[in-house]
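Naming: A, B, ... by sequence-line order, numbering from 1 per chain. Since we're looking at a predicted model, the values are computed, not measured.
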There are 2 protein chains.
Amino acid sequence: MSVQKSIKPTESELEILQVIWEKGSASVREVHEALSATKDVGYTTTLKLMQIMHEKGLVKRDNTFKTHIYQPAVTREKAQKQLLGKMINGLFGGSSTQLVIQALGSHKSSKEELDQIQQLLDDLKKEA
Amino acid sequence: MSVQKSIKPTESELEILQVIWEKGSASVREVHEALSATKDVGYTTTLKLMQIMHEKGLVKRDNTFKTHIYQPAVTREKAQKQLLGKMINGLFGGSSTQLVIQALGSHKSSKEELDQIQQLLDDLKKEA
DNA sequence: ATTTATTTACGAAAAGAATCGTATTTTAGA
DNA sequence: TCTAAAATACGATTCTTTTCGTAAATAAAT
């Protein structure tokens, strides 16, 4: 197994990845449209960012057509895992449990969500 | 209740806070010593960073003596909460449950930890 | 008291991110 | 074909973060 190249999207890049993950694939315009909903940003800014992301290998690009279509080159799960690990080490003294507790405590979850977690917890207990 | 001023330590600032939280309080030299263990950085760089952090109000400072002593002005918990929230929104589509699941799944916890989480989960269920 | 070591202050450069204007390319429609 | 609209390319600017050199202040040691 090769050593995992560590990805490190910036804040803005993460916002963009967010949209692309959501849609599966997207053009600059689509991404820009989505971003515009919540923040004020110019079209070319989004474009430039996405070009940079392409250079960095964060996204793939199909330029068969006039309008380029972008796809994630990194899975959401991988990004989550990576950043989560970093956060656990950097802020929670290496304890994922601490993180879980903090996360659960500082945000009320619905019954459904609690059940879902309970389910997972049961599974983990069985394994142990 | 006043509106919470959102703290936003940078990556480097977080490393420093880390050390100060750990020790409770620390001089620039102590912090620098700690950082040097894992990365290559100049003393004045650490100093400058800590001065900036002081300006920003991230740390408090006792300059009664020649060697200034720094203390956190923000609790670790608060920083955790804040960054966690950001991560939940930025990477987990706003679902803390998703984050919990990912965190639990990608790292095996001890029985004690699982029990601890179960405890918390029971409490949350009662409230609901 | 003088020298030496330690520390802080400060400015400025280097590096990294984000922003946008303008020019060029491409395509679709008139 | 010509024109207009939509898209990309790219340089330049601004803003933030990180880095460090140099000078001044302070304290300790000789």
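With sequence neighbours left out, A/Q118 forms a side chain to side chain donor-acceptor pair (under 3.5 Å) with A/D122, B/Q118, B/K125. In this structure, the salt bridge (Lys or Arg N to Asp or Glu O under 4.0 Å) partners of A/E11, at least two apart in sequence or on a different chain, are B/K86. The salt bridge (Lys or Arg N to Asp or Glu O under 4.0 Å) check on A/E13 picks up A/K56, with sequence neighbours excluded. For A/H32, the ring pair (Phe, Tyr, Trp, His ring centres under 6.0 Å) test picks out A/Y43, with sequence neighbours left out. For B/R61, the side chain to side chain donor-acceptor pair (under 3.5 Å) partners two or more places apart in sequence, or in a different chain, are B/Y70. Residues passing the salt bridge (Lys or Arg N to Asp or Glu O under 4.0 Å) test with A/D115 are A/K111, sequence neighbours excluded. Considering only residues two or more places apart in sequence or on other chains, A/T75 meets the side chain to side chain donor-acceptor pair (under 3.5 Å) condition with none of them.
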Could I get a table of every N or O pair under 3.5 Å where one atom is in the protein and the other is in nucleotides 28-30 of chain D?
none

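Atoms CD (B/E55) and C1' (D/dT18) sit 15 Å apart, rounded to a whole Å. In this entry the distance linking CZ of A/R29 with C1' of D/dT8 reads 12 Å, nearest Å.
In this model, no side-chain donor or acceptor of A/K66 finds a partner on the base of C/dT25 within 3.5 Å.
Listed by first and then second residue, the side-chain hydrogen bond (donor to acceptor under 3.5 Å, both in side chains) pairs that reach into residues 15-26 of chain B are B/E15-B/K39, sequence neighbours excluded.
Contacts of residues 41-53 of chain B with DNA chain C (heavy atom under 4.0 Å): B/Y43, B/T44, B/L47, B/K48, B/Q51. Contacts between residues 9-23 of chain A and DNA chain D, defined by a heavy-atom separation under 4.0 Å, are absent. At a non-hydrogen distance threshold of 4.0 Å, nothing from residues 67-76 of chain A comes into contact with DNA chain C.
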